[in-house]
**Q** 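Sharing a structure below in structure tokens format, with a few things to ask.
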Amino acid sequence: MSVPVERVPRPPLPEEQKQYDPSDLAIQFTDKECSITGDKDTPSGRAIMSCGHAVDPNALTVWCRSLLDQLRWEFYCPAIVDGKTKQCKKLWPYEEVRRLALLNEAETKYFEAKMSEHAAKTYCDMKECPGCRSFVEREDLSNLRVVCVVCTKTHGSLHEFCWNCDAKWSGPVTSGAKCGNSGCEHRDMPNIRDAPLIDLVNGTIKNVPSRRACPNCGFVTEHDTTGCKYMTCPRCHKEYCFACLEMKTQCRKTSNWFIACSKAIAPVQTKIPVWNRSVPERVEVRPRPPEIRCSIS
């Protein structure tokens with residue numbers, strides 16, 4: 001198995017603690033404790049974020065780096081707002097994070113590179129070539145055999161790998177199920193197959209797999225058991241029922257947000273749907289309302 005390579009080197013944390021400039025009029029300083037660490041006395045000073053909670057530049061840097069490590073590309077506030085476990089979760093604009101975390105040049109390049117990488121993987125069905133780590137997107141969505149043009153040109157010979165397992169391609173030229181390598185399966189299948197069962201809508205809908213692949217694009221999402229049974233996919237933004245796996249518009253014809261579906265609960269998925277974005281979206285055409293004209297006499 002190849003070892004992941006960072007496109008932009010991960011910068012070390014600064015040896016010296018970052019400190020705000022007390023004369024910086026663009027920063028709103030505060031005596032509140034840091035919402036990330038709970039510290040009330042930090043020599044760096046503390047600033048108010050757009051959500052109203054306080055941070056110091058060092059804690060803010062470490063927190064946002066940890067989010068990047070979790071493959072996230074948006075930054076949110078972790079402040080506890082109910083005295084127990086509920087977090088603020090309001091999103092911070094990257095420009096605000098960069099300014100109040102006092103990111104240096106190396107940190108800025110790293111943050112922006114990882115944000116772009118994670119966003120691309122979230123919104124596009126792309127992955128890294130296991131050889132050169134360049135991003136690859138399939139032309140034929142029904143075929144798991146992928147050719148990396150970068151590796152092919154670099155090494156002077158055809159470089160093929162499996163979209164499922166990343167191994168060197170083995171088997172027929174065309175295959176939509178798996179390659180010829182032993183144990184080949186989609187990288188997300190273990191997460192779906194091993195997902196624990198949960199109850200939705202306060203126990204109204206029982207024994208639903210807690211992780212599902214979006215029936216439209218295949219993006220895997222986990223239900224936290226709160227709210228209704230419908231899920232909005234973070235990637236394609238389609239809404240679907242987590243219980244029966246019908247699209248929301250179809251499920252809503254015989255059900256609603258907080259009652260069981262008319263169909264049986266869909267079993268654990270055995271295949272990840274492929275997002276075919278070349279198919280145009282179906283657009284609902286509504287009659288244009290009569291034009292209203294106003295005149296001044």
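Just the heavy atoms: all of them, side chains too, but no hydrogens, waters or symmetry mates, feed the values below. It should be emphasised that the depicted structure is a prediction, and the values quoted were computed from it without experimental measurement.
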**Q** Taking K238's backbone N and O only, do any of them form a donor-acceptor pair with N216's side chain (distance below 3.5 Å, no angle check)?
**A** no
**Q** Mind checking whether H155 and H159 have parallel, tilted or perpendicular rings, split at 30° and 60°?
**A** tilted
**Q** Quick one: side chain to side chain contact (heavy atoms under 4.5 Å, CB included) partners of T232, sequence neighbours excluded?
**A** E239
**Q** With a 6.0 Å cut-off (strictly less than), is the heavy-atom count around CG of D140, excluding the residue itself, greater than 12?
**A** yes
**Q** Considering residues at least two apart in sequence or located in another chain, which fulfil the side-chain hydrogen bond (donor to acceptor under 3.5 Å, both in side chains) criterion with E112?
**A** Y94
**Q** Take the angle between the ring planes of F111 and F75 and call it parallel below 30°, perpendicular above 60°, tilted in between.
**A** tilted
**Q** Can any side-chain N or O of S255 pair as donor or acceptor with the backbone N or O of R252 at less than 3.5 Å?
**A** no
**Q** With side-chain hydrogen bond (donor to acceptor under 3.5 Å, both in side chains) as the test, would you mind laying out the steps for T42 and R46 before giving the verdict?
**A** CA-CA 7 Å; T42 52; R46 292 176 300 285; 3.0 Å; yes
**Q** Let me see the working for V173 and R145 under side-chain contact (heavy atoms from CB on, under 4.5 Å), right down to the final yes or no.
**A** CA-CA 7 Å; V173 175; R145 172 181 166 270; 3.9 Å; yes
**Q** Please report the closest heavy-atom contact between N104 and P14, naming both atoms and the distance.
**A** ND2-CG, 4.3 Å
**Q** With side chains defined as the heavy atoms from C-beta onward, is the minimum distance between E74 and L67 less than 4.5 Å?
**A** no
**Q** Do R72 side-chain atoms and M115 backbone N/O form a donor-acceptor pair below 3.5 Å?
**A** no
**Q** Kindly give the heavy-atom pair with the smallest separation between K18 and P57, and that separation in Å.
**A** O-CG, 3.8 Å
**Q** Do T37 and D39 get their side chains close enough for a donor-acceptor pair, meaning under 3.5 Å?
**A** yes
**Q** What pairs of residues pass the ring-ring contact (aromatic ring centres under 6.0 Å, His included) test when at least one of them lies in residues 193-228, not counting sequence neighbours?
**A** H223-F242
**Q** Which donor-acceptor pairs under 3.5 Å do the side chains of residues 256-263 make with protein atoms, sequence neighbours left out?
**A**
residue	atom	partner	partner atom	Å
N256	OD1	F258	N	3.0
N256	OD1	I259	N	3.3
S262	OG	T254	OG1	2.7
K263	NZ	E246	OE2	2.6

**Q** Looking only at heavy atoms, which two atoms of C151 and C129 are closest? And how far apart?
**A** SG-SG, 3.7 Å
**Q** Can you run down the salt bridge (Lys or Arg N to Asp or Glu O under 4.0 Å) pairs that involve residues 195-214, sequence neighbours left out, and say none if there aren't any?
**A** D199-K206, R211-E222
**Q** Would you sort out whether I198 and L200 count as a side-chain contact (heavy atoms from CB on, under 4.5 Å), showing the intermediate values?
**A** CA-CA 7 Å; I198 58 174; L200 300 179; 3.7 Å; yes
**Q** Check whether T30 reaches the backbone of A54 with its side chain - one donor and one acceptor, N or O, closer than 3.5 Å.
**A** no
**Q** side-chain contact (heavy atoms from CB on, under 4.5 Å) for Q269 and L245? Distances and angles first, verdict last.
**A** CA-CA 10 Å; Q269 292 160 292; L245 289 182; 3.7 Å; yes
**Q** Decide if atom NZ of K248 counts as having more than 12 heavy atoms of other residues, nucleotides or ligands within a radius under 6.0 Å.
**A** yes
**Q** Should the pair D166-K127 be classified as a salt bridge under the 4.0 Å nitrogen-to-oxygen rule?
**A** yes
**Q** Whether the side chain of N191 engages the backbone of D194 through a donor-acceptor N/O pair (distance < 3.5 Å, no angle test) should be reported.
**A** no
**Q** Using every non-hydrogen atom in the two residues, find where V268 and I192 come nearest and quote the distance to one decimal.
**A** CG1-O, 3.8 Å
**Q** My understanding is that only residues two or more places apart in sequence, or in another chain, count here; which of them pass side-chain hydrogen bond (donor to acceptor under 3.5 Å, both in side chains) with T152?
**A** none
**Q** Minimum heavy-atom separation for W163 to R187, with atom names?
**A** O-NH1, 3.8 Å
**Q** Taking atom CG of D21 as the centre, does the number of heavy atoms from other residues, nucleotides or ligands within less than 6.0 Å exceed 12?
**A** yes
**Q** Please check if the side chain of W92 supplies one atom and the backbone of E95 the other of a donor-acceptor pair under 3.5 Å.
**A** no
**Q** Measure from the side-chain N and O atoms of S175 to the backbone N and O of P172, and report whether any donor-acceptor pair falls under 3.5 Å.
**A** no
**Q** Does this structure show an ion pair linking D188 with R193, if we count only N-O contacts that are shorter than 4.0 Å?
**A** no
**Q** Evaluate S134 against C148 for side-chain contact (heavy atoms from CB on, under 4.5 Å), listing each step before the verdict.
**A** CA-CA 8 Å; S134 60; C148 176; 4.0 Å; yes
**Q** Compute both the distance and the angle, then confirm whether K89 meets the cation-pi test with Y76: under 6.0 Å from the six-membered ring centre, within 45 degrees of the axis.
**A** yes
**Q** Give a yes or no on whether Q70 atom CD has more than 12 heavy-atom contacts from other residues, nucleotides or ligands under 6.0 Å away.
**A** yes
**Q** Using a cut-off of 6.0 Å, state whether more than 12 heavy atoms not belonging to D224 lie near its atom CG.
**A** yes
**Q** Check whether T174 reaches the backbone of N143 with its side chain - one donor and one acceptor, N or O, closer than 3.5 Å.
**A** no
**Q** Which heavy atom in A47 sits nearest to a heavy atom in L100, and how many Å separate them?
**A** CB-CD2, 4.2 Å
**Q** Any luck finding a side-chain donor-acceptor pair between E185 and N164 under 3.5 Å?
**A** no
**Q** Only one of L68, T61, V62, L60 passes side-chain contact (heavy atoms from CB on, under 4.5 Å) with C64; say which it is.
**A** L60
**Q** Ignoring hydrogens and angles, tell me if any N or O in the side chain of E96 forms a donor-acceptor pair with the backbone of S50 under 3.5 Å.
**A** yes
**Q** Is it true that the side chains of Q17 and S44 contain a donor and an acceptor less than 3.5 Å apart?
**A** no
